[in-house]
Number of protein chains: 6
Amino acid sequence: MRVVISIGGSVLAPELDARRVEAHAAAIESLAREGCELGTVVGGGGVAREYIDAARGLGANEVQLDQIGIDVTRINARLLIAALGAGVNPAPAHSYEDAGEAIRRGDISVMGGVVPGQTTDAVAAALAEYVDADLLVYATSVDGVYSADPRSDDSAEKFEELTPEELVKVIAPMSTDAGSSAPVDLLAAKLIERAGMRTIVLDGTEPQRLERAVLRGDHEGTDIVP
Amino acid sequence: MRVVISIGGSVLAPELDARRVEAHAAAIESLAREGCELGTVVGGGGVAREYIDAARGLGANEVQLDQIGIDVTRINARLLIAALGAGVNPAPAHSYEDAGEAIRRGDISVMGGVVPGQTTDAVAAALAEYVDADLLVYATSVDGVYSADPRSDDSAEKFEELTPEELVKVIAPMSTDAGSSAPVDLLAAKLIERAGMRTIVLDGTEPQRLERAVLRGDHEGTDIVP
Amino acid sequence: MRVVISIGGSVLAPELDARRVEAHAAAIESLAREGCELGTVVGGGGVAREYIDAARGLGANEVQLDQIGIDVTRINARLLIAALGAGVNPAPAHSYEDAGEAIRRGDISVMGGVVPGQTTDAVAAALAEYVDADLLVYATSVDGVYSADPRSDDSAEKFEELTPEELVKVIAPMSTDAGSSAPVDLLAAKLIERAGMRTIVLDGTEPQRLERAVLRGDHEGTDIVP
Amino acid sequence: MRVVISIGGSVLAPELDARRVEAHAAAIESLAREGCELGTVVGGGGVAREYIDAARGLGANEVQLDQIGIDVTRINARLLIAALGAGVNPAPAHSYEDAGEAIRRGDISVMGGVVPGQTTDAVAAALAEYVDADLLVYATSVDGVYSADPRSDDSAEKFEELTPEELVKVIAPMSTDAGSSAPVDLLAAKLIERAGMRTIVLDGTEPQRLERAVLRGDHEGTDIVP
Amino acid sequence: MRVVISIGGSVLAPELDARRVEAHAAAIESLAREGCELGTVVGGGGVAREYIDAARGLGANEVQLDQIGIDVTRINARLLIAALGAGVNPAPAHSYEDAGEAIRRGDISVMGGVVPGQTTDAVAAALAEYVDADLLVYATSVDGVYSADPRSDDSAEKFEELTPEELVKVIAPMSTDAGSSAPVDLLAAKLIERAGMRTIVLDGTEPQRLERAVLRGDHEGTDIVP
Amino acid sequence: MRVVISIGGSVLAPELDARRVEAHAAAIESLAREGCELGTVVGGGGVAREYIDAARGLGANEVQLDQIGIDVTRINARLLIAALGAGVNPAPAHSYEDAGEAIRRGDISVMGGVVPGQTTDAVAAALAEYVDADLLVYATSVDGVYSADPRSDDSAEKFEELTPEELVKVIAPMSTDAGSSAPVDLLAAKLIERAGMRTIVLDGTEPQRLERAVLRGDHEGTDIVP
């Protein structure tokens with residue numbers, strides 16, 4: 001089973017903490033032991049936010065801010081690589097081809113962002129497409145896809161299951177609002193739609209749940225089923 | 001005045017025709033003579049569509065199809081470069097940094113796609129952000145942004161002016177439909193929104209109109225005004 | 001047995017046709033199943049010719065035309081890769097080292113042109129040298145090496161067998177004429193000579209014949225035997 | 001006058017603070033206005049230390065830690081670039097050749113680390129050699145070269161002037177102690193010696209002093225005079 | 001006037017001698033002072049031959065030998081760059097695009113070989129094509145193009161002038177013999193032919209003659225006139 | 001057992017001699033047959049010295065001289081690769097990541113220098129750190145670490161065993177003298193110290209001794225034991 005896992009920055013590194021990274025590595029390694037082929041995409045987290053705030057204060061434009069964010073995701077990738085040890089490709093992948101090549105050789109691949117204007121959510125979806133993954137998992141700071149922002153709207157309901165087309169329709173209006181809290185960004189949703197990719201959006205703050213979700217489909221999040 | 005011009009594939013190369021490419025080059029050169037600093041992003045057109053159809057028939061996945069599309073846009077970039085002659089950077093830029101560097105040195109830069117999952121529409125918006133352009137122009141096969149698809153909906157009305165936020169709201173629902181004919185894709189619209197980028201969407205099939213539009217703001221298309 | 005196969009553009013893609021590419025892929029896969037290690041070099045074909053004509057009309061010089069041709073061969077390589085599926089290195093090789101590395105790992109490698117001034121015929125000969133191939137096969141649009149151009153000279157006779165030195169002597173005068181129709185270009189012939197490379201030149205328009213030719217030496221073309 | 005300035009991480013970014021970066025940028029820009037050609041090398045600072053601590057806790061080896069440190073220096077370079085605005089090469093240089101090329105074109109170049117096992121101190125010395133700089137300045141967190149560690153040894157005396165050979169002799173014993181606080185590392189000192197490079201080591205925490213030191217040789221630090 | 005100069009290895013570095021390299025640099029600089037735009041391509045010489053002999057003895061194949069030869073030409077390029085000083089691009093160009101870019105910026109470009117299977121003779125011809133040079137000069141160890149090998153055939157006559165087509169016809173039979181001593185290799189001759197490139201083949205052992213030849217067409221070698 | 005072997009230029013190639021290279025290759029292959037995973041780093045030797053002398057005479061600065069030296073080490077790496085045959089990665093590694101990747105795949109990796117300002121001694125130590133080697137061996141032209149230069153000081157005594165900290169203390173004063181003959185440079189010693197790397201310094205002029213030293217710890221040189 002080939003799986004691509006997106007670990008949001010707010011989940012992997014809200015602030016730097018070796019133990020949290022270790023817990024995520026442990027979850028990934030247990031999947032590898034079960035025979036999964038694994039590609040991982042990590043976000044920027046707290047350090048990215050601090051750097052971006054500083055750079056914005058210095059007059060950087062949005063693309064320059066994206067580049068700084070990408071650089072931080074790649075350092076986070078190095079942290080996860082250090083924690084994963086022997087079965088991982090030791091260099092963070094900078095392109096889908098590099099990541100795909102590592103996975104074909106039997107390594108776990110870890111990557112961060114690729115290019116300005118594309119979030120790591122979208123990178124994960126594109127990587128899943130590129131390696132013809134059986135499953136794409138978003139480990140995020142919310143526990144699924146909601147009909148509205150659960151932090152501000154009490155009537156927000158979590159979806160148990162959506163088609164990719166429904167996912168796009170749910171996400172699209174959220175992502176046109178400022179301060180959107182869509183758990184997966186719209187470009188990612190559209191890539192999921194075009195690839196018809198089986199996807200799970202779940203709460204990533206307890207990494208040990210990952211194994212159950214991937215191997216047995218047992219989780220509290222949202223299933224995207226084409 | 002720094003301008004980024006996106007020339008859609010259906011406008012530059014619906015099929016290969018040296019004279020059409022020459023007309024676009026002439027329009028760009030007249031802007032350069034007027035003192036504009038210019039970045040250009042070109043699409044894939046008919047050849048890209050044919051290659052993508054063939055590759056899909058052979059089982060390529062969507063990211064592989066995107067890569068083929070990117071390769072074709074870069075050949076189209078070589079055509080436009082050949083037509084532009086002396087003042088152009090002779091190598092198609094593969095990244096925003098390369099394109100920005102060429103523009104800083106006083107060259108016209110020509111690029112195609114950058115990475116799977118990102119259209120040349122989005123590349124043009126990101127390049128405009130990166131080089132802090134004063135204006136972004138989409139030369140497309142329709143003559144502006146409509147409230148609906150003018151080819152199928154008689155009640156569709158063309159907008160003379162939109163804010164970037166309005167642009168996103170107009171484009172978002174279109175881009176969730178299959179067979180969408182949004183003149184600019186949603187990721188591009190969202191990049192325009194985050195950068196607050198002054199943008200024009202116009203009919204690119206008559207390149208000689210470009211100069212009037214850029215220099216005097218005189219055109220039949222849609223103005224996006226932050 | 002290690003084999004390098006050159007598939008001319010006029011054979012793989014006189015015009016774009018997924019079924020023709022599929023037939024070539026099937027022939028290559030059957031060789032792989034028989035235990036051959038395989039490097040493949042593909043030409044430009046009809047799309048290359050159209051782009052080159054357009055670019056020449058726009059004033060591109062010969063090196064720029066070569067670059068466009070190389071770009072097209074690499075897209076053709078992507079088509080063949082898509083058709084080959086799992087056992088192929090998914091990225092077209094851009095250098096002999098990349099191709100050799102893929103072959104060493106047990107993958108089929110597919111590449112197009114490398115650098116201006118060097119045809120894909122010569123690339124195939126250099127790749128065969130580099131990987132110490134046992135056999136080099138040119139699948140071309142003519143069915144062997146003739147004493148003269150069979151399309152214009154009725155007395156032209158096909159050679160059943162030549163030494164590499166004889167090949168060079170036969171090809172050299174052809175390649176000084178305009179409109180030469182040598183089935184293998186002179187630089188390639190000279191590389192075959194310096195490496196003493198066992199080579200077959202055969203009609204590539206019926207790919208299913210490839211297996212018989214490679215495995216049993218049974219073909220209607222010309223054998224180059226050092 | 002061609003000057004290479006090393007801004008230690010503990011000086012530029014003990015923690016992230018846009019205003020501090022801005023003050024350093026202002027000092028560099030005032031030198032540029034005075035006609036200096038400028039190469040800048042920045043260190044890692046507090047974020048580097050935090051990432052390295054986390055990665056060490058995860059089992060990373062020293063070379064992997066160096067790579068993380070280099071990545072952070074390059075993000076710091078992006079911050080300084082953002083603050084410097086128009087006259088700076090917008091991409092952090094990754095090699096001496098890239099930095100030298102930018103300086104030759106009249107840009108300010110900013111770079112961080114280059115390769116594991118080489119500190120940014122040494123990078124600055126090598127860059128100064130490569131571009132045949134007239135002056136190399138280390139803006140550090142101590143105010144010069146001392147005979148011993150001034151933080152632990154009351155008898156430590158600051159040198160007003162040293163030859164490069166003397167610098168090496170002073171630094172060498174310091175750098176064999178654990179917890180060394182040499183203001184410039186030994187490899188850097190040896191590069192300064194082999195190039196006979198005019199160098200100043202000064203307190204970098206008040207960037208506005210830089211201009212006086214470079215232009216008029218007026219500073220409280222240590223002069224290295226070949 | 002844009003000129004590409006090929007300096008054969010046997011002319012620049014039959015053995016390593018700083019003074020000989022300096023004499024070539026002086027000749028090139030005097031052309032630059034006269035306003036020529038200059039691209040230079042250098043060969044391998046004695047060191048290349050020694051390395052290639054050693055590697056052949058160790059079982060390297062012809063492509064590996066070519067790669068070693070290319071590496072040596074690039075070191076020779078560094079020597080010439082060191083001798084040329086300020087107006088030269090300090091990094092040896094590895095591609096036609098890099099060399100062309102340096103020349104466009106007003107630098108002298110120096111390069112060696114590019115890819116296995118292509119001599120530096122051919123590189124010079126391709127570079128001349130790529131930059132639309134007005135003149136290509138081969139500074140070789142013989143003093144022109146002869147009807148036969150002057151070292152072994154007393155009846156060999158030097159040509160004062162040839163068309164590119166005649167050059168190819170003269171060179172072709174020479175280059176099919178072992179131990180050929182053609183002053184320009186056949187691939188180079190064919191590139192000259194396809195580009196219709198004005199070319200001079202002259203004795204390069206006295207570099208001071210170069211200026212007269214380039215600026216006034218006054219030399220004892222062979223003119224190739226399209 | 002994972003071993004990194006540094007073969008000094010004065011040991012591998014005092015002058016070019018295929019048989020000497022072959023003897024080193026044979027020693028490395030015998031280690032590979034015994035199951036060692038091997039990374040090799042080679043120096044520049046006589047050719048590097050000649051090129052550097054010539055370039056210094058032409059005014060090259062120290063960084064440019066280093067670059068020439070690095071280029072020569074990489075050609076020497078190609079020689080050793082040619083001699084090693086099938087189990088070696090055919091391209092010289094240019095970075096620690098490339099070398100580490102080759103070793104992970106089961107290949108012998110061969111590399112030369114990496115970056116100006118860093119000797120191949122230091123490269124070997126950094127590579128040993130990066131791949132978590134069990135043992136680092138310096139095959140040098142002296143037969144161990146001495147208390148002083150044995151060539152000029154009769155009282156010099158060879159150390160049988162040192163800790164890494166002692167190694168640094170012994171090397172440091174040597175390396176501040178001009179004409180130092182430290183068998184391992186100071187940066188390398190400091191990298192050995194920070195990694196606590198088990199190291200042997202031995203006479204490399206008789207390669208057949210290598211196997212005994214690595215496999216059984218039986219040698220006449222100096223053991224560095226953390």
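Everything quoted here is computed from the prediction, not taken from an experiment.
When the shell of 6.0 Å around CZ of F:R194 is examined, it contains more than 12 heavy atoms from other residues, nucleotides or ligands. Counted within 6.0 Å of CD on D:E15, heavy atoms from surrounding residues, nucleotides or ligands total more than 12; the atom is thus considered enclosed.
Of residues 113-123 of chain D, those residues with a non-hydrogen atom less than 4.5 Å from any non-hydrogen atom of chain F are, in numerical order, D:V114, D:V115, D:P116, D:G117, D:Q118. Against chain D, the residues from residues 95-103 of chain F that qualify, each with a non-hydrogen atom under 4.5 angstrom away, are F:Y96, F:E97 in number order.
Between F:T222 and F:E161 there is no side-chain heavy-atom pair separated by less than 4.5 Å.
D:N89 places no side-chain N or O within donor-acceptor distance of the main-chain N or O of D:S109, the cut-off being under 3.5 Å. Remark: the backbone N or O of D:G44 is paired with a side-chain donor or acceptor of D:N76 at under 3.5 angstrom. Side-chain atoms of D:D134 come within 3.5 Å of backbone N or O of D:R2 as a donor-acceptor pair. Looking at F:D223, its side chain never comes within 3.5 Å of a backbone N or O of F:V225 through a donor-acceptor pair.
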**side-chain contact (heavy atoms from CB on, under 4.5 Å) between D:Y130 and F:Q64, worked out** = CA-CA 7 Å; D:Y130 180 62; F:Q64 292 172 317; 4.0 Å; yes
**Asked** Between D:D107 and D:V88, is a side-chain contact (heavy atoms from CB on, under 4.5 Å) present by the stated rule, with each step listed?
**Response** CA-CA 5 Å; D:D107 281 341; D:V88 68; over 6 Å; no
